[in-house]
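Here's the structure we're looking at; comments come further down.
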There are 2 protein chains.
Amino acid sequence: MKKESGPVRPGIRLYLSDDGSEGMFGDGKWRLLRSIEEEGSIRRAAEKLGRGYRKAWGDIKRTENALGRELVRKTRGGPTGGATELTEFGRELLEGWQRYREAVMEGMEGAFELHLSGLLERSEDER
Amino acid sequence: MKKESGPVRPGIRLYLSDDGSEGMFGDGKWRLLRSIEEEGSIRRAAEKLGRGYRKAWGDIKRTENALGRELVRKTRGGPTGGATELTEFGRELLEGWQRYREAVMEGMEGAFELHLSGLLERSEDER
DNA sequence: AATGGATATGTACGACCATGCATATCGGTT
DNA sequence: AACCGATATGCATGGTCGTACATATCCATT
(Lines give C-alpha, C1' and ligand atoms only; values in the text may rest on other atoms or scores of the structure.)
Protein backbone atom coordinates (compact mmCIF):
# COMPACT_ATOMS: atom_id res chain seq x y z
CA MET A 1 0.00 0.00 0.00
CA LYS A 2 2.22 2.78 -1.23
CA LYS A 3 1.25 6.42 -0.83
CA GLU A 4 1.51 9.14 -3.40
CA SER A 5 4.68 11.02 -2.72
CA GLY A 6 5.71 14.29 -4.31
CA PRO A 7 7.65 17.37 -3.27
CA VAL A 8 7.24 18.65 0.27
CA ARG A 9 4.44 21.18 0.40
CA PRO A 10 2.76 23.15 3.16
CA GLY A 11 -0.55 21.93 4.51
CA ILE A 12 -3.03 23.68 6.74
CA ARG A 13 -6.04 22.96 8.88
CA LEU A 14 -8.24 25.85 9.93
CA TYR A 15 -10.95 25.83 12.54
CA LEU A 16 -12.98 27.92 14.91
CA SER A 17 -12.96 27.22 18.63
CA ASP A 18 -13.95 28.66 21.97
CA ASP A 19 -11.70 26.44 24.05
CA GLY A 20 -8.63 25.73 21.95
CA SER A 21 -9.80 22.35 20.71
CA GLU A 22 -10.88 21.53 17.18
CA GLY A 23 -14.26 20.26 16.16
CA MET A 24 -16.43 23.32 16.37
CA PHE A 25 -16.12 24.39 12.76
CA GLY A 26 -13.66 23.79 9.97
CA ASP A 27 -13.36 22.78 6.36
CA GLY A 28 -15.39 19.63 6.84
CA LYS A 29 -18.38 21.45 8.27
CA TRP A 30 -17.96 24.15 5.69
CA ARG A 31 -18.19 21.66 2.81
CA LEU A 32 -21.19 20.12 4.46
CA LEU A 33 -22.99 23.45 4.69
CA ARG A 34 -22.17 24.17 1.08
CA SER A 35 -23.45 20.80 0.02
CA ILE A 36 -26.67 21.25 1.99
CA GLU A 37 -27.26 24.58 0.33
CA GLU A 38 -26.85 22.97 -3.06
CA GLU A 39 -28.83 19.82 -2.39
CA GLY A 40 -31.57 21.00 -0.06
CA SER A 41 -31.31 17.95 2.16
CA ILE A 42 -28.86 16.55 4.68
CA ARG A 43 -29.14 13.09 3.23
CA ARG A 44 -28.33 14.06 -0.31
CA ALA A 45 -25.61 16.43 0.91
CA ALA A 46 -23.96 13.62 2.84
CA GLU A 47 -24.19 11.20 -0.06
CA LYS A 48 -22.64 13.71 -2.37
CA LEU A 49 -19.70 14.10 -0.01
CA GLY A 50 -19.34 10.36 0.42
CA ARG A 51 -20.16 10.36 4.13
CA GLY A 52 -22.98 8.72 6.02
CA TYR A 53 -26.11 10.60 6.98
CA ARG A 54 -25.47 9.75 10.63
CA LYS A 55 -22.24 11.67 10.67
CA ALA A 56 -23.53 14.65 8.72
CA TRP A 57 -26.48 15.00 11.02
CA GLY A 58 -24.27 14.79 14.10
CA ASP A 59 -21.84 17.33 12.70
CA ILE A 60 -24.59 19.87 12.17
CA LYS A 61 -25.96 19.33 15.62
CA ARG A 62 -22.65 19.62 17.42
CA THR A 63 -21.75 22.75 15.52
CA GLU A 64 -25.05 24.38 16.28
CA ASN A 65 -24.67 23.56 19.96
CA ALA A 66 -21.13 24.88 20.02
CA LEU A 67 -21.96 28.12 18.24
CA GLY A 68 -25.20 28.56 20.11
CA ARG A 69 -27.02 29.35 16.89
CA GLU A 70 -28.89 27.42 14.24
CA LEU A 71 -27.24 26.80 10.92
CA VAL A 72 -30.08 25.02 9.19
CA ARG A 73 -33.85 24.88 9.17
CA LYS A 74 -35.18 21.36 8.84
CA THR A 75 -38.60 20.03 7.96
CA ARG A 76 -39.84 16.47 8.15
CA GLY A 77 -42.60 14.61 6.36
CA GLY A 78 -44.44 15.59 3.25
CA PRO A 79 -44.27 14.20 -0.25
CA THR A 80 -40.52 14.62 -0.41
CA GLY A 81 -40.05 13.21 3.08
CA GLY A 82 -38.45 16.35 4.39
CA ALA A 83 -35.86 18.95 3.58
CA THR A 84 -33.13 21.11 5.04
CA GLU A 85 -32.02 24.60 4.10
CA LEU A 86 -29.50 27.02 5.52
CA THR A 87 -30.53 29.81 7.86
CA GLU A 88 -29.36 33.33 7.17
CA PHE A 89 -26.61 32.82 9.72
CA GLY A 90 -25.63 29.58 8.04
CA ARG A 91 -25.23 31.30 4.70
CA GLU A 92 -23.19 34.11 6.17
CA LEU A 93 -20.89 31.70 7.93
CA LEU A 94 -20.50 29.71 4.73
CA GLU A 95 -19.46 32.75 2.76
CA GLY A 96 -17.35 34.34 5.46
CA TRP A 97 -15.44 31.14 5.96
CA GLN A 98 -14.81 30.76 2.27
CA ARG A 99 -13.25 34.21 2.04
CA TYR A 100 -11.35 33.72 5.28
CA ARG A 101 -10.00 30.40 4.11
CA GLU A 102 -8.77 31.68 0.79
CA ALA A 103 -7.04 34.64 2.38
CA VAL A 104 -5.17 32.48 4.87
CA MET A 105 -4.16 29.94 2.26
CA GLU A 106 -2.72 32.60 0.04
CA GLY A 107 -0.73 33.93 2.97
CA MET A 108 0.48 30.44 3.71
CA GLU A 109 1.78 29.92 0.18
CA GLY A 110 3.63 33.20 0.29
CA ALA A 111 5.19 32.52 3.66
CA PHE A 112 6.25 29.06 2.58
CA GLU A 113 8.06 30.36 -0.47
CA LEU A 114 9.69 32.98 1.67
CA HIS A 115 10.84 30.94 4.62
CA LEU A 116 10.96 27.25 3.77
CA SER A 117 10.90 26.35 0.10
CA GLY A 118 14.56 27.19 -0.38
CA LEU A 119 15.67 24.92 2.41
CA LEU A 120 13.43 22.06 1.36
CA GLU A 121 14.21 22.20 -2.34
CA ARG A 122 17.88 22.15 -1.60
CA SER A 123 17.10 19.17 0.57
CA GLU A 124 15.52 17.27 -2.30
CA ASP A 125 18.72 17.37 -4.29
CA GLU A 126 21.02 16.39 -1.49
CA ARG A 127 19.17 13.36 -0.31
CA MET B 1 -15.37 17.69 33.33
CA LYS B 2 -16.25 21.12 32.04
CA LYS B 3 -14.12 22.80 29.40
CA GLU B 4 -12.93 26.35 29.36
CA SER B 5 -15.19 28.29 27.10
CA GLY B 6 -14.57 31.81 25.84
CA PRO B 7 -15.30 33.78 22.69
CA VAL B 8 -15.03 32.05 19.35
CA ARG B 9 -11.50 32.41 17.99
CA PRO B 10 -9.68 31.10 14.94
CA GLY B 11 -7.40 28.12 15.34
CA ILE B 12 -4.82 26.71 12.97
CA ARG B 13 -2.72 23.65 12.43
CA LEU B 14 0.21 23.86 10.07
CA TYR B 15 2.21 21.00 8.66
CA LEU B 16 4.50 19.88 5.88
CA SER B 17 3.58 16.95 3.70
CA ASP B 18 4.50 15.21 0.50
CA ASP B 19 1.26 13.30 0.12
CA GLY B 20 -1.48 15.49 1.60
CA SER B 21 -1.53 13.78 4.98
CA GLU B 22 -0.32 15.24 8.24
CA GLY B 23 2.40 13.80 10.42
CA MET B 24 5.56 14.69 8.54
CA PHE B 25 6.30 17.93 10.35
CA GLY B 26 4.27 20.42 12.35
CA ASP B 27 4.22 22.37 15.58
CA GLY B 28 4.71 19.27 17.71
CA LYS B 29 7.91 18.25 15.93
CA TRP B 30 9.04 21.84 15.89
CA ARG B 31 8.73 22.16 19.66
CA LEU B 32 10.56 18.90 20.04
CA LEU B 33 13.46 20.10 17.92
CA ARG B 34 13.62 23.32 19.87
CA SER B 35 13.62 21.44 23.13
CA ILE B 36 16.36 19.09 21.94
CA GLU B 37 18.48 22.04 20.97
CA GLU B 38 18.04 23.51 24.43
CA GLU B 39 18.47 20.31 26.41
CA GLY B 40 21.00 18.40 24.40
CA SER B 41 19.21 15.08 24.82
CA ILE B 42 16.03 13.48 23.57
CA ARG B 43 15.15 12.22 27.00
CA ARG B 44 15.39 15.56 28.74
CA ALA B 45 13.67 17.26 25.82
CA ALA B 46 10.75 14.86 26.06
CA GLU B 47 10.48 15.24 29.81
CA LYS B 48 10.46 19.00 29.53
CA LEU B 49 7.56 18.79 27.08
CA GLY B 50 5.70 16.34 29.26
CA ARG B 51 5.81 13.49 26.74
CA GLY B 52 7.40 10.10 26.98
CA TYR B 53 10.80 9.34 25.51
CA ARG B 54 9.23 6.62 23.40
CA LYS B 55 7.09 9.06 21.52
CA ALA B 56 9.78 11.70 21.10
CA TRP B 57 12.19 9.17 19.70
CA GLY B 58 9.59 7.83 17.28
CA ASP B 59 8.65 11.33 16.15
CA ILE B 60 12.22 12.17 15.28
CA LYS B 61 12.66 8.93 13.40
CA ARG B 62 9.49 9.22 11.37
CA THR B 63 10.22 12.80 10.45
CA GLU B 64 13.73 11.97 9.34
CA ASN B 65 12.44 9.13 7.21
CA ALA B 66 9.78 11.32 5.67
CA LEU B 67 12.11 14.18 4.89
CA GLY B 68 14.89 11.88 3.82
CA ARG B 69 17.39 13.83 5.88
CA GLU B 70 18.76 13.70 9.38
CA LEU B 71 17.58 16.25 11.90
CA VAL B 72 19.74 15.19 14.82
CA ARG B 73 23.10 13.62 15.54
CA LYS B 74 22.94 11.12 18.39
CA THR B 75 25.65 9.55 20.49
CA ARG B 76 25.37 6.73 23.00
CA GLY B 77 27.42 5.74 25.99
CA GLY B 78 29.95 7.75 27.86
CA PRO B 79 29.80 9.32 31.28
CA THR B 80 26.58 11.16 30.47
CA GLY B 81 25.09 8.06 28.86
CA GLY B 82 24.67 9.77 25.53
CA ALA B 83 23.49 12.96 23.90
CA THR B 84 21.63 14.37 20.93
CA GLU B 85 22.17 17.62 19.07
CA LEU B 86 20.61 19.15 15.99
CA THR B 87 22.24 18.88 12.59
CA GLU B 88 22.71 22.00 10.50
CA PHE B 89 19.59 21.05 8.57
CA GLY B 90 17.70 20.56 11.81
CA ARG B 91 18.58 24.05 12.96
CA GLU B 92 17.61 25.59 9.65
CA LEU B 93 14.29 23.81 9.65
CA LEU B 94 13.67 24.91 13.22
CA GLU B 95 14.27 28.54 12.41
CA GLY B 96 12.56 28.53 9.04
CA TRP B 97 9.48 26.95 10.53
CA GLN B 98 9.36 29.49 13.32
CA ARG B 99 9.36 32.40 10.89
CA TYR B 100 6.90 30.64 8.58
CA ARG B 101 4.58 29.90 11.46
CA GLU B 102 4.53 33.44 12.76
CA ALA B 103 3.87 34.89 9.33
CA VAL B 104 0.91 32.60 8.70
CA MET B 105 -0.58 33.19 12.12
CA GLU B 106 -0.45 36.92 11.67
CA GLY B 107 -2.20 36.55 8.35
CA MET B 108 -4.80 34.37 9.99
CA GLU B 109 -5.60 36.94 12.64
CA GLY B 110 -5.99 39.64 10.05
CA ALA B 111 -8.22 37.55 7.83
CA PHE B 112 -10.36 36.55 10.77
CA GLU B 113 -10.98 40.14 11.77
CA LEU B 114 -11.77 40.97 8.20
CA HIS B 115 -14.11 38.15 7.27
CA LEU B 116 -15.54 36.49 10.37
CA SER B 117 -15.22 38.40 13.61
CA GLY B 118 -18.12 40.70 12.77
CA LEU B 119 -20.48 37.84 12.14
CA LEU B 120 -19.42 35.89 15.21
CA GLU B 121 -19.46 38.79 17.62
CA ARG B 122 -22.90 39.74 16.50
CA SER B 123 -23.77 36.13 17.11
CA GLU B 124 -22.60 36.28 20.74
CA ASP B 125 -25.12 38.98 21.54
CA GLU B 126 -28.06 37.39 19.86
CA ARG B 127 -27.76 33.99 21.42
C1' DA C 1 -55.20 5.88 6.97
C1' DA C 2 -51.62 4.30 4.22
C1' DT C 3 -47.24 5.79 1.92
C1' DG C 4 -42.59 7.25 1.31
C1' DG C 5 -38.59 9.73 1.85
C1' DA C 6 -36.10 12.42 5.07
C1' DT C 7 -35.01 13.65 9.74
C1' DA C 8 -33.62 11.84 14.49
C1' DT C 9 -30.81 8.96 17.63
C1' DG C 10 -28.86 4.94 20.11
C1' DT C 11 -25.52 1.26 19.79
C1' DA C 12 -21.73 -1.48 18.24
C1' DC C 13 -17.62 -2.60 15.87
C1' DG C 14 -13.06 -1.79 13.85
C1' DA C 15 -9.17 1.26 12.65
C1' DC C 16 -5.99 4.27 14.29
C1' DC C 17 -3.08 6.61 17.67
C1' DA C 18 -1.07 8.13 21.91
C1' DT C 19 0.96 6.38 26.03
C1' DG C 20 3.17 3.27 29.06
C1' DC C 21 5.90 -0.90 30.16
C1' DA C 22 9.66 -3.80 29.54
C1' DT C 23 14.00 -4.75 27.73
C1' DA C 24 18.16 -4.51 24.98
C1' DT C 25 22.16 -1.92 23.51
C1' DC C 26 25.84 1.33 23.64
C1' DG C 27 30.42 3.12 25.23
C1' DG C 28 33.32 6.73 27.78
C1' DT C 29 34.67 6.95 32.45
C1' DT C 30 36.22 4.97 36.69
C1' DA D 1 35.38 -5.19 33.91
C1' DA D 2 31.68 -2.76 36.14
C1' DC D 3 28.71 1.28 35.93
C1' DC D 4 25.36 4.63 34.47
C1' DG D 5 22.48 7.35 31.85
C1' DA D 6 20.84 7.81 27.27
C1' DT D 7 19.60 5.80 22.92
C1' DA D 8 16.83 2.04 20.53
C1' DT D 9 12.54 -0.85 19.87
C1' DG D 10 8.93 -4.26 20.43
C1' DC D 11 4.52 -5.03 22.53
C1' DA D 12 0.24 -4.34 25.10
C1' DT D 13 -3.40 -1.34 26.15
C1' DG D 14 -6.81 2.32 26.56
C1' DG D 15 -9.27 5.90 24.36
C1' DT D 16 -10.92 8.39 20.36
C1' DC D 17 -13.22 8.57 15.94
C1' DG D 18 -15.29 7.29 11.78
C1' DT D 19 -18.61 4.21 9.94
C1' DA D 20 -22.24 0.91 9.75
C1' DC D 21 -26.56 -1.01 11.43
C1' DA D 22 -31.03 -0.73 13.38
C1' DT D 23 -35.12 1.87 14.59
C1' DA D 24 -38.13 5.46 15.57
C1' DT D 25 -40.47 9.64 14.21
C1' DC D 26 -42.55 12.95 11.27
C1' DC D 27 -46.15 14.68 8.03
C1' DA D 28 -47.87 16.49 3.26
C1' DT D 29 -49.83 13.98 -0.21
C1' DT D 30 -52.81 10.51 -2.08
Side-chain angles (χ1 to χ4, degrees), chain A residues 1 3 13 15 17 19-29 31-33 35-66 70-87 90, chain B residues 1 3 13 15 17 19-29 31-33 35-66 70-87 90:
Chain A
M1 203 64 60
K3 292 231 176 165
R13 184 192 287 232
Y15 55 89
S17 170
D19 68 348
S21 69
E22 304 186 23
M24 178 189 252
F25 192 80
D27 276 0
K29 311 287 166 60
R31 286 193 207 94
L32 178 56
L33 284 188
S35 189
I36 289 174
E37 185 177 48
E38 291 167 4
E39 297 297 321
S41 111
I42 294 179
R43 178 162 303 278
R44 283 201 303 278
E47 253 171 48
K48 188 178 176 186
L49 294 178
R51 318 177 201 174
Y53 170 84
R54 184 67 182 82
K55 172 164 177 53
W57 179 87
D59 282 351
I60 290 291
K61 177 135 191 187
R62 272 184 295 116
T63 298
E64 287 183 332
N65 286 342
E70 294 188 345
L71 295 167
V72 297
R73 185 169 11 257
K74 294 167 279 193
T75 60
R76 298 198 295 184
T80 66
T84 296
E85 60 176 3
L86 299 192
T87 60
Chain B
M1 201 65 61
K3 293 232 176 163
R13 183 192 287 232
Y15 55 90
S17 170
D19 68 348
S21 69
E22 304 185 23
M24 178 188 252
F25 192 80
D27 276 1
K29 312 286 165 61
R31 286 194 207 93
L32 179 56
L33 284 188
S35 189
I36 289 175
E37 184 176 47
E38 291 167 3
E39 298 297 321
S41 112
I42 295 179
R43 178 164 303 280
R44 284 202 303 279
E47 252 172 48
K48 188 178 176 186
L49 295 177
R51 318 178 200 173
Y53 170 84
R54 184 68 182 80
K55 172 163 176 54
W57 178 86
D59 283 351
I60 291 290
K61 176 134 190 188
R62 271 184 295 116
T63 299
E64 287 184 331
N65 285 343
E70 294 188 345
L71 295 167
V72 298
R73 185 167 13 257
K74 294 168 280 193
T75 59
R76 298 198 295 184
T80 66
T84 297
E85 60 177 3
L86 298 194
T87 60

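The chains referred to below are lettered A, B, ... by the order of the sequence lines, with proteins before strands, and numbering in each begins at 1.
Remark: B/Thr80 is not in phosphate contact with D/dC4, judged by side-chain N or O atoms under 4.0 Å from OP1 or OP2. Phosphate proximity of D/dT7 to B/Thr84: present, with a side-chain N or O under 4.0 Å from OP1 or OP2. For B/Lys61 and D/dT7, the shortest distance from a side-chain N or O to OP1 or OP2 is not below 4.0 Å. OP1 or OP2 of C/dA8 sits under 4.0 Å from a side-chain N or O of A/Trp57. Listed pair A/Lys74 / C/dA6 fails the phosphate criterion, with no side-chain N or O lying under 4.0 Å from OP1 or OP2.
Relative to the side chain of B/Pro79, the nucleotides C/dG28, D/dT19, C/dT19 differ in distance, and C/dG28 lies closest. Among the nucleotides D/dA6, C/dT7, C/dA18, the one closest to the side chain of B/Lys55 is C/dA18. For A/Arg76, taking side-chain heavy atoms from C-beta onward, the closest of the listed nucleotides C/dT19, D/dT25, C/dA6 is D/dT25.
A straight line from OH of A/Tyr53 to C1' of D/dC26 spans 11 Å, rounded to a whole angstrom. Here the P atom of nucleotide C/dG5 and the CD1 atom of A/Ile42 are 18 Å apart, to the nearest Å. Distance A/Arg44 CZ to C/dG4 P: 18 Å, rounded to the nearest Å. One can place CZ of A/Arg62 at 15 Å from C1' of C/dG10, the figure rounded to the nearest angstrom. Regarding B/Leu32, its CG atom lies at a distance of 13 Å from the P atom of C/dA18, rounded to whole Å.
Contact annotation: side chain of A/Arg54 to base of C/dG10, donor-acceptor pair present below 3.5 Å. No N or O donor and acceptor, one from the side chain of B/Arg51 and one from the base of C/dG20, sit under 3.5 Å apart.
Two residues, B/Gly78 and B/Gly58, neighbour DNA chain D, and the one matched to the more 5' nucleotide by heavy-atom proximity is B/Gly78.
Counting non-hydrogen atoms under 4.0 angstrom, A/Gly82 reaches the backbone sugars and phosphates but no base.
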